[in-house]
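The structure appears below as structure tokens.
Protein chains get the first letters and strands the later ones, always in sequence-line order, with residue 1 at the start of each.
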2 protein chains.
Amino acid sequence: MSPHRTRRRIPDATVARLPIYLQILSAQLDGGTSNLSSEELATLAGVNAAKVRKDLSYLGSYGTRGVGYEVQYLVYQIRRELGLDHEWNVVILGAGNLGQALSGYGGFTERGYPIAGIFDIDPDKVDTLVGGVRVRPLDELAQVVAARSVSIGVIATPPVAAQDAADRLVRAGVTSILNFAPTLVNAPLGITVRTVDMSVEMQILSYHEQRRVAAASSLRSVQADGSRNQTA
Amino acid sequence: MSPHRTRRRIPDATVARLPIYLQILSAQLDGGTSNLSSEELATLAGVNAAKVRKDLSYLGSYGTRGVGYEVQYLVYQIRRELGLDHEWNVVILGAGNLGQALSGYGGFTERGYPIAGIFDIDPDKVDTLVGGVRVRPLDELAQVVAARSVSIGVIATPPVAAQDAADRLVRAGVTSILNFAPTLVNAPLGITVRTVDMSVEMQILSYHEQRRVAAASSLRSVQADGSRNQTA
DNA sequence: ACGTCTTTGTGAACGCGTGCACAACCGTTC
DNA sequence: GAACGGTTGTGCACGCGTTCACAAAGACGT
Ligand SMILES: NC(=O)c1ccc[n+]([C@@H]2O[C@H](COP(=O)([O-])OP(=O)(O)OC[C@H]3O[C@@H](n4cnc5c(N)ncnc54)[C@H](O)[C@@H]3O)[C@@H](O)[C@H]2O)c1
Ligand SMILES: NC(=O)c1ccc[n+]([C@@H]2O[C@H](COP(=O)([O-])OP(=O)(O)OC[C@H]3O[C@@H](n4cnc5c(N)ncnc54)[C@H](O)[C@@H]3O)[C@@H](O)[C@H]2O)c1
């Protein structure tokens, strides 16, 4: 019926690791490595080899038994699966400390997420230049989103304005939101929201730190949780 | 034997949610709410009520049946559990875009993580002021860490320098590291490392975005994964 | 052509996290 | 003081993610 066969669902945990594999594989490719075993990739990614194989198996059978995986082909497959076969334009709301850092950061464009625009509600900020880009007023948001087919929006406003920012993004037509404000933002059904709260990360660290002191006598080490952190 | 009874281990998933509860409860306290049920807290945090109760039960039985939880007392208990009953000095390595944004961000000091110093390897950056703080040379790192009992270090250097930065932090005596460079950093046993890679977040978003387009006909919504993100 | 060596792909067991459901319990009212 | 509405704390079942372990399969040498 559909031109593409409906792809099977990839577990969230795997999706979260694919970018890490991709980054390692890209680096290996640049370094001239053309082939890699699950064992080697696992070591580089700091995970279990069986996990690597299972993760990659969700993409299909792209390895060769006795040999390993062809790096270039794997990179292509992961990129395709993550939707990186084309660029995703991004808008940023809030041109403060963080918004400016994000805007001036080359890593996003490099990885296929060019900044289509940065917006601020403050008239004093509007029309100033940050990282070579002009800060735009909010009333240009819908227009930019439509003109450049933006589907990802980043919230870098103060916490109190985060919900307002999210509402504006949704109204403008954005369907995925990356929220850096330490607040829960609500969005209608069908909109994906991810919140990255740096203070939460700090608090998780200090929990372990505090625990380490409390249990100074027991030598048992704290184990790492799922999302790419180690205590080793 | 020990003055404090050894506290039972709290699941990682719960530890990751405690800061969120704390933030909500603090806001409620400021707003004059003195009591809150698990149902209300669950709604505010966007999670299941049973999960809230189970999470809080790891701290002890601090609720009252038929009534709910006393906000002030709960705030105190969560803060204690997260090690927030005293301040944690933090050092930042790398005074670039991100390092400066972090340094100028009041939210960390507010939450009990004052910036004890920001360091850079570039002589041109050293001695400049960012957010009112002087950028220090790396050879002052060990001294600052010792003098101000710093146990948390933040890596905001380019990816290639991240491992070097981690090594310096460890040598200086830091035992917890928050790494913003998109690279795996290795640390000796006993050191906790958390990596926050913003590009990974973007890629997770675009995966869902790409998937949404592919499966335009099926109305099934993508479900959220564990770490505080919604698709609702 | 065949055997050996290496590595994949996956079935199966296990463990952790989530959510339901309910008994235990508190406060309040009559 | 007894009955009642409300909320906690938790036993239990379920599902997802991780890891082990091994058969299947390609590559290579003889
Ligand atoms: N700066 C950091 O390093 C850092 C670290 C962690 C988290 N955060 C979070 O990121 C967010 C931004 O932090 P910051 O330091 O850049 O704050 P900031 O105050 O420097 O900048 C916020 C900007 O958002 C603009 N703004 C306010 N309301 C807006 C709206 N409705 N729409 C669009 N723009 C609006 C303001 O004019 C301001 O320019 C905050 O929620 C903060 O908690 C920042
Ligand atoms: N800027 C962002 O918004 C952003 C977003 C996501 C991720 N990141 C990541 O954060 C890191 C920093 O990004 P940035 O944009 O601030 O980079 P940047 O190039 O602006 O700053 C890096 C700073 O680190 C310093 N440095 C280099 N080697 C060092 C060392 N060994 N010890 C101490 N300092 C050293 C450099 O002199 C420079 O000042 C990078 O790894 C980047 O990938 C940044």
Side-chain angles (χ1 to χ4, degrees), chain A residues 8-18 20-21 25 28 33-71 73-74 77-78 204 222-232, chain B residues 8-18 20-21 25 28 33-71 73-74 77-78 204 222-232:
Chain A
R8 65 185 162 297
R9 207 185 81 80
I10 297 183
D12 291 326
T14 296
V15 173
R17 280 188 298 268
L18 288 180
I20 298 168
Y21 300 149
L25 291 165
Q28 290 294 310
T33 309
S34 63
N35 231 68
L36 214 59
S37 73
S38 63
E39 194 70 52
E40 292 169 307
L41 179 50
T43 305
L44 293 169
V47 299
N48 185 288
K51 197 186 283 184
V52 169
R53 291 199 295 276
K54 186 147 284 188
D55 283 344
L56 296 181
S57 77
Y58 290 113
L59 310 181
S61 287
Y62 298 137
T64 308
R65 291 167 191 230
V67 177
Y69 298 87
E70 193 199 329
V71 179
Y73 189 54
L74 205 50
Q77 289 297 340
I78 296 179
I204 293 173
V222 190
Q223 61 266 60
D225 87 359
S227 62
R228 202 191 182 194
N229 36 35
Q230 321 113 31
T231 303
Chain B
R8 65 184 163 297
R9 208 185 79 81
I10 298 183
D12 290 326
T14 297
V15 173
R17 280 188 296 267
L18 287 180
I20 299 168
Y21 300 148
L25 291 166
Q28 290 294 310
T33 309
S34 64
N35 230 70
L36 215 60
S37 72
S38 62
E39 195 68 55
E40 293 169 306
L41 179 50
T43 305
L44 292 170
V47 300
N48 184 288
K51 197 185 283 183
V52 169
R53 290 198 296 276
K54 188 150 285 188
D55 284 343
L56 296 181
S57 77
Y58 290 113
L59 309 181
S61 286
Y62 298 136
T64 308
R65 291 165 193 235
V67 177
Y69 299 87
E70 193 200 329
V71 179
Y73 189 55
L74 205 49
Q77 288 297 342
I78 296 179
I204 294 173
V222 191
Q223 62 266 62
D225 87 359
S227 61
R228 202 191 182 193
N229 36 38
Q230 322 113 31
T231 304

*How would you list, by chain and number, every residue that makes a side chain to side chain contact (heavy atoms under 4.5 Å, CB included) with Gln28(B), sequence neighbours excluded?*
Ile24(B), Thr33(B), Leu36(B), Leu44(B)

*For Ala50(B), check side chain to side chain contact (heavy atoms under 4.5 Å, CB included) against everything at least two apart and list the hits.*
Asn48(B), Arg53(B)

What's the separation between atom [atom1] in [X] and atom [atom2] in [Y], rounded to the nearest 0.5 Å?
| X | Y | atom1 | atom2 | result |
| --- | --- | --- | --- | --- |
| Tyr73(A) | Leu25(A) | OH | CG | 14.0 Å |
| Leu59(A) | Ile10(A) | CG | CD1 | 5.0 Å |
| Lys51(A) | Leu41(A) | NZ | CG | 12.5 Å |
| Ser61(B) | Tyr69(B) | OG | OH | 8.0 Å |
| Tyr21(A) | Leu74(A) | OH | CG | 10.5 Å |

_Let me spell it out: for each of Pro11(B) and Ala50(B), pick the nucleotide of DNA chain C with the closest heavy atom. Which residue's pick is nearer the 5' end?_
Pro11(B)

Between [atom2] of [N] and [atom1] of [X], the distance in whole Å:
| X | N | atom1 | atom2 | answer |
| --- | --- | --- | --- | --- |
| Tyr69(B) | dG6(D) | OH | P | 18 Å |
| Lys51(A) | dC14(C) | NZ | P | 19 Å |
| Asp55(B) | dG17(C) | CG | P | 10 Å |
| Leu56(B) | dT10(D) | CG | P | 12 Å |
| Asn48(B) | dA21(C) | CG | P | 11 Å |
| Leu18(A) | dG17(D) | CG | P | 13 Å |
| Gln77(A) | dG9(C) | CD | P | 12 Å |
| Glu70(B) | dG27(C) | CD | C1' | 16 Å |

*Among residues 34-43 of chain B, which residues get a heavy atom nearer than 4.0 Å to DNA chain C?*
none

_What I want to check is whether an N or O donor and acceptor connect the side chain of Lys54(A) with the base of dT19(D) at under 3.5 Å._
yes

*Can you list every salt bridge (Lys or Arg N to Asp or Glu O under 4.0 Å) pair that touches residues 55-68 of chain A, not counting sequence neighbours?*
Arg17(A)-Asp55(A)

_Could you work out, with side chain to side chain donor-acceptor pair (under 3.5 Å) as the rule, every residue matching Thr64(A), not counting sequence neighbours?_
none

*Could you run through nucleotides 22-30 of chain D and give me one letter per nucleotide, 5' to 3': B if any protein heavy atom sits under 4.0 Å from the base, S if only the sugar-phosphate is that close, - if neither?*
--BBBS---

